[in-house]
Amino acid sequence: MSRAFTIAAKELRSYLVSPVAWVVATVFLLVTGLLFFNIVAWYSGQSFQMMQFPEAASQVNVNRMVFAPTFQNVAVTLLLLVPIVTMRLLAEEKRNRTCQLLLTSPVRLGEIVLGKFLAAFALLAGILLLTLYMPLLVWTYGTLDWGPIFSGYLGLVLLTAAFSALGLFASSLTENQIVAAVLTFGILLAFWIIGWGGQQGGSLAKVLEHLSIVTHLEGFLQGAVELKDVVYYLSVTAFGLFLTHRVLDSNRWR
């Protein structure tokens with residue numbers, strides 16, 4: 001396990017000394033910040049209008065009206081940015097012809113996979129936590145229920161782990177980083193929209209809804225942490241790491 005952390009630390013340093021991490025963090029914070037500002041501006045107008053009617057004032061809820069859509073926007077932004085972070089993890093090793101040296105080193109294959117995953121996940125989770133200024137800003141000037149905030153961030157962290165594992169798998173399939181990014185986006189998008197098929201009804205509706213990565217995020221955004229949703233994200237993460245391990249294992253014997 002210590003070797004996995006060593007690999008993760010090395011990968012994380014390579015991220016931080018390159019412009020990739022800083023560009024991704026800057027774009028992420030700018031996009032999410034702008035969307036958050038627009039939602040807060042809309043909420044201010046809506047709450048002012050609703051306060052004029054006592055029967056409607058009880059419907060004003062900052063968690064439901066501001067942070068639920070904000071977290072959804074953050075998830076969409078991650079859908080676009082995760083491929084940029086994960087595309088280089090193994091594709092670069094293949095392009096530089098260092099992958100075979102890595103696979104024949106004394107380090108176990110599982111430790112390599114875990115180390116690469118932890119580096120990408122730590123970077124993305126760190127960037128994600130920079131958005132904590134949003135609830136802190138609202139809390140400073142008003143009231144806030146922190147329960148749905150914490151559960152929302154837990155859901156986003158689990159989502160980030162699943163995205164990172166799937167991105168690592170896509171990066172293991174090719175030596176071209178652009179191809180790896182496109183493959184990652186395609187895989188993530190498939191998990192994102194697969195639940196739409198369930199809206200049409202039919203015998204597969206429940207299966208498609210269960211496979212949808214968005215369906216399992218909704219509970220977290222509403223303040224409900226259910227075991228089935230946690231297990232789903234952990235299962236997708238483990239599945240992505242398993243597929244990556246199998247791809248690298250097959251490459252080892254070529």
Side-chain angles (χ1 to χ4, degrees), residues 1-33 74 77-133 153-154 156-185 187-188 233-234 237-238 240-245 247-249 251-252:
M1 184 63 71
S2 61
R3 292 176 178 176
F5 287 120
T6 301
I7 294 174
K10 175 180 175 296
E11 287 292 331
L12 196 55
R13 282 194 300 269
S14 68
Y15 274 125
L16 297 177
V17 299
S18 70
V20 173
W22 306 106
V23 171
V24 168
T26 301
V27 171
F28 178 79
L29 292 175
L30 284 175
V31 171
T32 55
V74 169
T77 309
L78 286 171
L79 179 70
L80 301 173
L81 294 184
V82 167
I84 300 174
V85 173
T86 60
M87 65 180 185
R88 62 174 294 275
L89 287 172
L90 290 168
E92 187 178 50
E93 298 276 6
K94 290 187 175 184
R95 182 174 61 85
N96 295 334
R97 300 294 185 266
T98 57
C99 187
Q100 200 60 34
L101 294 175
L102 187 64
L103 295 178
T104 55
S105 66
V107 183
R108 287 181 295 183
L109 199 55
E111 293 174 328
I112 296 173
V113 173
L114 183 60
K116 296 279 188 177
F117 162 76
L118 288 176
F121 172 67
L123 177 63
L124 290 165
I127 294 174
L128 178 63
L129 292 179
L130 293 177
T131 62
L132 277 171
Y133 77 88
Y153 272 106
L154 174 61
L156 290 175
V157 168
L158 291 171
L159 177 74
T160 300
F163 278 4
S164 300
L166 294 173
L168 178 62
F169 164 62
S171 183
S172 70
L173 297 174
T174 178
E175 64 180 32
N176 188 304
Q177 295 187 37
I178 303 301
V179 173
V182 173
L183 282 175
T184 301
F185 178 73
I187 294 172
L188 300 185
Y233 284 117
L234 294 180
T237 302
L241 297 180
F242 170 76
L243 291 178
T244 305
H245 187 284
V247 170
L248 294 182
D249 191 39
N251 290 339
R252 173 184 286 179

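All heavy atoms count here, side chains included; hydrogens, waters and symmetry mates do not. Note that the coordinates shown come from a computational prediction; the quantities given were computed from them, not determined experimentally. Numbers here simply count residues along the sequence, with the first being 1.
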J.: So which atom in Leu166 and which in Gly240 form the shortest heavy-atom distance, rounded to 0.1 Å?
T.: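 Taking Leu166 first and Gly240 second, the nearest heavy atoms are CD2-CA, 4.3 Å.
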J.: Taking side-chain contact (heavy atoms from CB on, under 4.5 Å) as the definition, give me every residue that meets it alongside Leu154, ordered by chain and number, with sequence neighbours left out.
T.: Leu158, Phe220, Val225
J.: The criterion is side-chain contact (heavy atoms from CB on, under 4.5 Å); which residues satisfy it with Ala162, sequence neighbours excluded?
T.: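 Here the qualifying residues are Ile213, Tyr233, Val236, Thr237.
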J.: If we ignore hydrogens and angles and just use 3.5 Å, is the side chain of Ser171 paired with the main-chain N or O of Ala91 as donor and acceptor?
T.: yes
J.: Quick one: list whatever passes side-chain hydrogen bond (donor to acceptor under 3.5 Å, both in side chains) with Glu11, sequence neighbours left out.
T.: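 Glu11: side-chain hydrogen bond (donor to acceptor under 3.5 Å, both in side chains) contacts with Arg88, Lys116.
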J.: State, with a plain yes or no, whether a side-chain heavy atom of Ile84 is found less than 4.5 Å away from one of Leu81.
T.: yes
J.: So, using side-chain contact (heavy atoms from CB on, under 4.5 Å) as the criterion, who are the partners of Leu243 when residues are at least two apart?
T.: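 Phe169, Phe239.
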J.: Might you point out which heavy atoms bring Leu78 and Leu159 nearest each other, and give the distance in Å?
T.: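 What the structure gives for the nearest pair is CD1-CD2, 4.5 Å.
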J.: Report the C-alpha separation of Leu89 and Phe117 in whole Å, then their side-chain angles, then the decisive distance to 0.1 Å, and conclude whether the side chain to side chain contact (heavy atoms under 4.5 Å, CB included) test is met.
T.: CA-CA 8 Å; Leu89 287 172; Phe117 162 76; over 6 Å; no
J.: Which heavy-atom pair separates Leu90 from Leu168 by the least distance, and what is that distance?
T.: CD1-CD1, 3.7 Å
J.: Is any side-chain heavy atom of Thr77 less than 4.5 Å from a side-chain heavy atom of Val27?
T.: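 No; the side chains remain at least 4.5 Å from each other.
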J.: Would you name the heavy atoms of Thr244 and Ala165 that are closest together and state the gap between them?
T.: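 Smallest heavy-atom distance, with atoms named: OG1-O, 4.2 Å.
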J.: Measure across Thr184 and Ala170 and return the closest heavy-atom pair with its distance rounded to 0.1 Å.
T.: OG1-CB, 3.2 Å
J.: Run the side-chain donor-acceptor check on residues 119-133: report pairs under 3.5 Å with partners two or more places apart or on a different chain.
T.:
residue	atom	partner	partner atom	Å
Thr131	OG1	Leu128	O	2.6
Thr131	OG1	Tyr153	OH	2.9

